[in-house]
There are 2 protein chains.
Amino acid sequence: MFSYLFLKKIPAVILKPNTYLKHIAYDSVVFGFSGEKLKILVMKYKNTDYYALPGGFVGLDEDLNSAVRRGLKERTGLDNIFLEQFYTFGNVSRSTPAFMEAIMEANGGVNEYGWMLERFISIAYYALINYDDVELKPEAISESCDWYDLNNLPELIFDHKEILDKALATLRSNLETKLMGVNLLPPLFTMKDLQNVYEAILGEKLHRGAFQRKILGMNLLKRHEKQFSGAAHKAPFLYSFEK
Amino acid sequence: MFSYLFLKKIPAVILKPNTYLKHIAYDSVVFGFSGEKLKILVMKYKNTDYYALPGGFVGLDEDLNSAVRRGLKERTGLDNIFLEQFYTFGNVSRSTPAFMEAIMEANGGVNEYGWMLERFISIAYYALINYDDVELKPEAISESCDWYDLNNLPELIFDHKEILDKALATLRSNLETKLMGVNLLPPLFTMKDLQNVYEAILGEKLHRGAFQRKILGMNLLKRHEKQFSGAAHKAPFLYSFEK
DNA sequence: TTAATATTGTCACATTGTGAGACAATAAAT
DNA sequence: ATTTATTGTCTCACAATGTGACAATATTAA
C-alpha cells in the first residue's frame, strides 16, 4: 500500500482526500518464477530504507478487485493475470503511522496526506505471473519495485511479512486446484518446468514419475511436439495449459 | 450488517458518525445443526420484509475480528466460537442505498444515519456453533433473528445470497481440516451424529464404515462410555473432540 | 421367555491412488 | 561408435478408499 505517494508526475489530486475510500487499502503478493526459484515483487520507498509489498487504495467508485488489477497493471504492465484475494487484515495494531510519517518527511511534507496516517484495514491478494512477461516500471519517484528471492527478502514494514507468510500458505494449499502453477510459466513448458514450480512452492522434492502421472491424469494439459533443446539428452515434450 | 440500527434501548451515540470506521462492514454466516439439517441465522428488519445476514460495523479502535465476535456474542450469547473470515466483498454495485433508505423510513428517519447510505465493503465470516447452546436475543427493536433451513430461506437483501453461497462453498472445502464439523455438535456426540453433520454440509450420503474408519484414523476423538439411548438397537459410543 | 428388528462396531475384499525404482529411448558431447 | 544425462513409461509395493458382510446388542413384539 501507499505506493503512489509523492509521485510528482501524476496529478496531485489522486492522492488528495476524497479520491479514495478512507481506511481501506489493498496489498498484493506478486509471485514470479525464474531460475528454479520463487520470487516476489517488493517495493522500496524513495529516500528511505523502507521495503513494502506493492499496494494501493480503492477509488470511491471503483470495484475492489478492479482497483487491485489496476495497481498491478500500472506496476507490471500485465493484464488478465491470475489474481486471488486471500485475507483481510484488520487489527488496530497493524496501522503504524510512525512509518508513514517518516516516509512523508523524507519525501516532502505531510500537509495534504493526513488521511493516510489514519487506521487502515488491508485486503490482501496474491498474483501468479509469468516472470518473463513483466516489465517493471520505475516510473514513480517515490518508489522502486523489484524481484526478490523468497529466502532473501529485505525486512518489510507494517505487517507485510505476516501477509506474505499467509499468501504463501494459501498458495501451497491451493496449488492443486485447476493446476494454478501453470500461471507462473510461459505458454509452452516442459513437465520438468512444472515440477520445478511445484517444488519451489512446496519447498520439497517430488518424485518425477508420480508427478507426471498425476498431472497428466488431470487431463488439463495439451501435449505439443518435442523441441530439441540443445541439451545432451532426450528432448522433452512441450505442454500448454488448456481450459 | 446494519443490524443495530434504530435500536432505541442502547445509547444513540453508537450509531452516530465517528463511532465506526466508514465504508467498512462485516457480515456473518452463522451455521447451526438441528434435526439432521443445516441451518443459518437470518435477521429481519422490523417494520419491513427485509431479511439479511447478521452483521455490523467496526469500532474506530476495535480489531476487525473482535468486532465480529462482539456482534455474534450480542446476538447468540456465545463466546469462543469457531469463526473464520472467508472473503471480502467490495464491488460498487453491492451497495444499494435504496434498501437502507426504505429501512430507515420504516423506522423513523434518516437524519443521523446518512453515513450508512454510503458505499460499504463487507468482510464476510462464517461461524459454526452448537445449536442447543444458543439463546437468540430478540432485544433489538429494529430486528429479529432466527434460524432458517438452508433450503427454505427467505430472500436476502443486498448481495447476501452470494455471501451465503460462498460461505457454504468454503465450509465444504474446509470440512476436513481439524475436524471442524464437531463445532456444530454438543460436547458429547455419536459417530452417527458427526456423519449427519458431514452429510448435511456436503449434501451427499457417505458410507458408514469408511466414514468411521477415516474419522477414527485422525486420532482426534476421545471415545467415552456408551449411553443407552432407549432405541431398539445396540447403543453407540459417545465421543468428544480432543485438541 | 423367545424371536424379531434396527443399528452399531468391525472386518474382509476389491478397487484406486501413491511412492519408489527400473529400463529403454534419445539428443548431444566425446 | 561410445558415453552421458534426462525423458517417457512401466511395474511393484504399499496406502487409502469404496463396498458389502457379519456378529453384537438394546429394545419391541410375540
Side-chain angles (χ1 to χ4, degrees), chain A residues 33 35-36 172-179 181-182 185-186 188-242, chain B residues 33 35-36 172-179 181-182 185-186 188-242:
Chain A
F33 184 75
E36 308 197 356
R172 278 184 183 137
S173 81
N174 289 354
L175 189 55
E176 300 306 325
T177 69
K178 228 198 64 161
L179 263 186
V182 298
L185 293 171
L188 286 176
F189 50 87
T190 68
M191 193 57 69
K192 179 75 169 164
D193 292 335
L194 189 58
Q195 186 176 340
N196 284 335
V197 165
Y198 272 65
E199 289 176 346
I201 292 174
L202 297 174
E204 60 181 348
K205 289 291 173 192
L206 302 176
H207 186 276
R208 189 174 60 89
F211 181 78
Q212 171 132 336
R213 181 176 52 198
K214 190 164 97 180
I215 298 294
L216 290 182
M218 294 179 183
N219 283 321
L220 294 172
L221 294 186
K222 179 176 176 188
R223 179 178 277 188
H224 296 257
E225 291 181 0
K226 293 195 179 197
Q227 168 182 284
F228 289 29
S229 59
H233 54 76
K234 189 175 177 179
F237 287 115
L238 290 177
Y239 295 91
S240 65
F241 179 67
E242 304 290 323
Chain B
F33 185 75
E36 308 197 355
R172 278 185 182 138
S173 80
N174 290 355
L175 188 56
E176 300 306 325
T177 70
K178 230 199 62 163
L179 261 186
V182 298
L185 293 170
L188 286 176
F189 51 87
T190 68
M191 192 57 68
K192 179 76 170 163
D193 292 335
L194 189 57
Q195 186 175 343
N196 283 336
V197 166
Y198 272 65
E199 289 176 346
I201 292 174
L202 297 174
E204 59 181 350
K205 290 290 174 194
L206 302 176
H207 187 275
R208 190 174 60 89
F211 182 79
Q212 170 133 335
R213 181 177 52 198
K214 189 164 99 179
I215 298 295
L216 291 181
M218 294 179 183
N219 283 320
L220 293 171
L221 294 185
K222 181 176 175 188
R223 179 178 278 187
H224 296 257
E225 292 180 359
K226 294 193 178 195
Q227 169 183 283
F228 289 31
S229 59
H233 54 75
K234 189 175 177 178
F237 287 115
L238 291 178
Y239 295 91
S240 65
F241 178 67
E242 304 289 323

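Treat the numbers as computed from the prediction; the structure is a model and nothing was measured. Chain letters run A, B, ... following the sequence lines, proteins first, then strands; residues in each count from 1.
- Comparing dG9(C), dT27(D), dT18(C) by their nearest atom to the side chain of A232(B) picks out dT27(D).
- Within 6.0 Å of atom NZ in K214(B), 12 or fewer heavy atoms from other residues, nucleotides or ligands are found, so the atom counts as exposed in its surroundings.
- Comparing S229(A) and A210(A) along DNA chain C, the residue whose closest nucleotide (by nearest heavy atom) sits nearer the 5' end is A210(A).
- In this structure, the ring-ring contact (aromatic ring centres under 6.0 Å, His included) partners of F211(B), at least two apart in sequence or on a different chain, are Y198(B).
- Closest contact between the side chain of M191(B) and the listed nucleotides dG8(D), dG21(C), dG9(C) involves dG9(C).
- Atom pair E176(A):CD and dG17(C):C1' shows a separation of 13 Å (rounding to whole Å applied).
- In this structure, NZ of K214(B) is placed 14 Å from C1' of dG17(C), rounded to the nearest angstrom.
- With rounding to whole Å, H207(B) atom NE2 is found 14 Å from dT7(C) atom C1'.
- E36(A) CD: 12 or fewer foreign heavy atoms inside a 6.0 Å radius.
- Side chains of Y239(B) and L188(B) form no contact here, defined as non-hydrogen atoms less than 4.5 Å apart.
- Rounding to whole angstrom units, CZ of residue F189(B) and C1' of dT8(C) are separated by 16 Å.
- Comparing dT11(D), dG9(C), dT7(D) by their nearest atom to the side chain of R213(A) picks out dT11(D).
- Here H233(A) does not lie in a stacked arrangement on the base of dT4(D), lacking the combination of planes under 30° and ring centres under 5.5 Å apart.
- When rounded to the nearest whole Å, the span between CZ of F211(B) and P of dG20(D) equals 19 Å.
- The separation between L206(A) atom CG and dT7(D) atom C1' is 17 Å, rounded to whole Å.
- Within 4.0 Å of G230(A), counting heavy atoms only, lie sugar-phosphate atoms of the nucleic acid but no base atom.
- N196(A) contributes atom CG, which lies 7.5 Å from atom OG1 of T190(A) (distance to the nearest 0.5 angstrom).
- Taking only side-chain nitrogens and oxygens, Q212(B) never comes nearer than 4.0 Å to OP1 or OP2 of dT8(C).
- Nearest nucleotide to the side chain of A235(B), out of dT25(D), dA26(D), dG8(D): dA26(D).
- Atom-to-atom, CD of Q227(B) to C1' of dT25(D) comes out at 16 Å; the value is rounded to the nearest Å.
- Taking only distance into account, the side chain of R208(A) meets the base of dG8(D) through a donor-acceptor pair shorter than 3.5 Å.
- Atom CE in M218(B) sits roughly 12 Å away from atom P in dA16(D) (whole-Å rounding).
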